[in-house]
Amino acid sequence: MNAGNSFSADDIIKGGDVLASLTPPAKLAVIGDPVAHSRSPQFHNAALAAAGIDGQYIRIQASPEQFEETLRALPGRGFLGANITIPHKASALAAVDVADGHAQRAGGVNTVLIDGGKLFGFSTDGPGLVRALREEFYIDLRDLRVMILGAGGGAGRAIAAQCAEERCERLVLVNRTVEKAKALAEELRPSFVGERLEGPVDRLVASEWTEKALRGHLEYVDLVINASSVGMRRSDPPALPATLLHPSLMIYDTVYAAERTRLVDEALSAGARAANGLSMLLHQGALAYEIWFDRPAPLEVMRKALLEAAG
Ligand code: NAP
């Protein structure tokens, strides 16, 4: 295995000795740019070992120009599937032969199954979040009034599509570039017709990301999901000002760079319930395993490996 279990797009496209000499053979991969930070190999390799599967999960660094050729080379190299991460999820949707409904609604693919030489695309981010919320807060998305920060990004869009599919009580889409939130709201509007919510507010809203606008909307919100990149660095400003946090809110921060992100820290200090994105990472990975192997994932093995990798 080469250093860090990482391979270049050329290693895959040209299929040289470096891949052929791997033991166990490479069967799965995460493709991204950058990809070195990905924690998926640690917990997927633990799952493969626990299940006695003769294969390993590697990282592939591929630029946007190399992405499609790299993905298309995987069947010929004996791969069973792949995960797709930043910035390739939308390109993967266009590149696969067939995409499932979640992927189409999310506007991106994070999991690819290779079967009979064909590429089948899935999105497990939204369904992974549903499982994570049940585990962290014992709640179902469909019962909640939800605010998504960063609704215009890949993760935010996948989560918004999941909220629409679950017909959640209320959805507030917040994005720095508000035009993206407005366009997404128009796409999702058919799922929010009807008078399910009682009160003086709309069920589906696109909002500016300003303290004043958020304060107004938060009065009618149960769960805030940070799906933006804000918080990936400890020096980032808070995704939500501490003055807006209160004990009846639930905060789910999809960022998993630190065990306690600044948002999670401040939410807990305010008496709110809060969790970071490790549980979503775990469950989207477990769902990918279920797609590849058509059997339940060894979840506790994966969780232990992920927590060890996260330190
Ligand atoms: P992305 O497609 O690049 O989207 C980034 C989002 O963050 C956009 O909405 C962008 O707004 C917003 N943003 C970036 N910088 C900002 C700033 N300074 N102020 C306000 N908004 C800002 O990235 P992504 O793939 O969706 O990932 C976003 C986050 O989700 C990351 O933290 C990632 O780790 C997390 N994530 C977690 C999981 C998990 O399993 N836990 C899975 C996927 C992603 P604009 O539209 O205005 O640019």
Side-chain angles (χ1 to χ4, degrees), residues 30-40 42-44 64 83-93 102-103 106-111 122-133 135-136 147-162 172-185 206-211 213-214 224-241 251-264 274-289 302-303 306-307 309-310:
V30 55
I31 310 176
D33 182 18
V35 77
H37 67 285
S38 172
R39 291 188 175 143
S40 296
Q42 282 101 331
F43 69 83
H44 276 300
N83 285 130
I84 313 297
T85 189
I86 292 176
H88 302 314
K89 290 183 185 178
S91 309
L93 178 62
H102 281 299
V109 159
N110 79 335
T111 301
F122 303 82
S123 174
T124 65
D125 281 336
L129 176 76
V130 170
R131 289 191 184 183
L133 291 174
E135 191 174 281
E136 300 281 6
M147 173 183 280
I148 302 175
L149 304 173
R157 205 189 145 87
I159 292 167
Q162 192 68 37
V172 181
L173 302 170
V174 182
N175 204 55
R176 174 178 62 177
T177 314
V178 73
E179 290 72 25
K180 290 190 201 168
K182 286 181 179 164
L184 183 58
S207 173
E208 305 269 353
W209 195 330
T210 63
E211 184 165 347
L214 297 189
V224 179
I225 300 170
N226 176 34
S228 78
S229 324
V230 178
M232 291 183 82
R233 288 174 302 270
R234 196 72 192 171
S235 57
D236 282 350
L240 204 58
I251 305 286
Y252 191 85
D253 193 350
T254 68
V255 172
Y256 52 81
E259 191 193 331
R260 297 265 296 260
T261 64
R262 184 169 171 180
L263 178 60
V264 168
N276 78 0
L278 276 177
S279 48
M280 178 177 164
L281 183 66
L282 172 70
H283 286 289
Q284 62 78 31
L287 284 159
Y289 182 102
M302 295 171 86
R303 190 193 308 277
L306 177 58
L307 291 175

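Here, residue 1 is the first one in the sequence, and each next residue gets the next number. Every number for a ligand or one of its atoms is a count from 1 in the order of the listing.
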**Item:** Option whose closest heavy atom lies nearest to atom 12 (C) of ligand 1, chosen from Ala239, Gly152, Ser228
**Value:** Ser228
**Asked** Should you measure from each heavy atom of Ile86, which atoms of ligand 1 turn up under 4.0 Å away?
**Response** 25 (O)
**Complete:** Minimal heavy-atom distance between Tyr252 and Ala132, with the atoms involved, is OH-CB, 3.8 Å
**Request:** Heavy-atom contacts with Thr177 under 4.0 Å: which atoms of ligand 1 show up? List them by number with element.
**Result:** 45 (P), 46 (O), 47 (O)
**Asked** Is Val255 close to ligand 1, meaning an N/O of one under 3.5 Å from an N/O of the other?
**Response** no
**Message:** Geometry only, no angles: is Lys180 polar-contacting ligand 1 at N/O separations under 3.5 Å?
**Reply:** yes
**Fill in**
Heavy atoms of Gly285 and His44 approach each other most closely as O-CE1, 3.2 Å
**Message:** Suppose I only count heavy atoms of Gly150 and a 4.0 Å limit; which atoms of ligand 1 are within that range?
**Reply:** 9 (O)
**Prompt:** Does Ala227 approach ligand 1 within less than 4.0 angstrom via side chain, backbone, both or neither, non-hydrogen atoms only?
**Reply:** backbone
**Fill in**
Only one of Met280, His102, Gln162, Arg157 passes side chain to side chain contact (heavy atoms under 4.5 Å, CB included) with Asp125, and that residue is Met280
**Message:** Once side-chain hydrogen bond (donor to acceptor under 3.5 Å, both in side chains) is applied, do any residues pair with Glu136, and if so which ones, sequence neighbours excluded?
**Reply:** Ser279
**Prompt:** Could an N or O of ligand 1 be found under 3.5 Å from any N or O of Trp209, whether backbone or side chain?
**Reply:** no
**Asked** Does any N or O atom in Arg176 lie less than 3.5 angstrom from one in ligand 1, N or O only?
**Response** yes
**Request:** Return the set of residues passing side-chain hydrogen bond (donor to acceptor under 3.5 Å, both in side chains) with Asn226 (not counting sequence neighbours), or none when no residue passes.
**Result:** Ser228, Asp253
**Prompt:** Of the non-hydrogen atoms in Leu173 and Ala160, which two are nearest, and what is the gap between them?
**Reply:** CD2-CB, 3.8 Å
**Message:** Using modelled atom types and a 3.5 Å cut-off, is there a donor and acceptor pairing between side-chain atoms of Arg262 and backbone atoms of Asp236?
**Reply:** yes
**Prompt:** Looking only at distance, does Val230 have an N or O less than 3.5 Å from an N or O of ligand 1?
**Reply:** no
**Message:** If I apply the N/O under 3.5 Å rule, does Ala151 come out as touching ligand 1?
**Reply:** no
**Message:** Nearest non-hydrogen contact with atom 7 (O) of ligand 1 belongs to which option: Gly108, Ser229, Ala90, Gly285?
**Reply:** Ser229
**CD1 on Ile86 to NE2 on His37, rounded to 0.5 Å** = 6.0 Å
**Fill in**
Shortest non-hydrogen pair, Val178 vs Ser207, comes out as CG2-O, 3.4 Å
**Item:** Polar proximity ligand 1 side, Ala155 side, N/O cut 3.5 Å exclusive
**Value:** yes
**Asked** Atom CG in Asn110, atom CG in Asn83: separation rounded to 0.5 Å?
**Response** 6.0 Å
**Complete:** protein heavy-atom neighbour closest to atom 1 (P) of ligand 1 works out as Gly154 N, 3.9 Å
**Request:** Please confirm whether Asn175 comes within less than 3.5 Å of ligand 1 when only nitrogen or oxygen atoms on both sides are compared.
**Result:** yes
**Asked** Less than 4.0 Å between atom 44 (C) of ligand 1 and some protein heavy atom, yes or no?
**Response** yes
**Request:** Using distance alone, determine whether Gly153 and ligand 1 share an N or O pair under 3.5 Å.
**Result:** yes
**Asked** Ala92 and Val109: which non-hydrogen atoms are nearest, and at how many Å?
**Response** CB-CB, 3.8 Å
**Message:** In the complex you have, is atom 3 (O) of ligand 1 within reach of the protein, judged by whether a heavy-atom distance drops under 4.0 Å?
**Reply:** no
**Item:** Met232 neighbourhood, listing ligand 1 atoms whose heavy-atom distance to it stays under 4.0 Å
**Value:** 31 (C), 32 (O), 34 (O)
**Request:** Find out whether Leu129 and Ile225 are in side-chain contact, i.e. whether some heavy atom of one side chain is under 4.5 Å from a heavy atom of the other.
**Result:** yes
**Prompt:** Looking at atom 36 (N) of ligand 1, what's its closest protein heavy atom, distance included?
**Reply:** Thr254 OG1, 3.9 Å
**Request:** Could you say whether the N/O atoms of Asp125 and ligand 1 ever approach to under 3.5 Å?
**Result:** no
**Item:** Heavy-atom closest pair, residues Leu149 and Ala239
**Value:** CD1-O, 3.8 Å
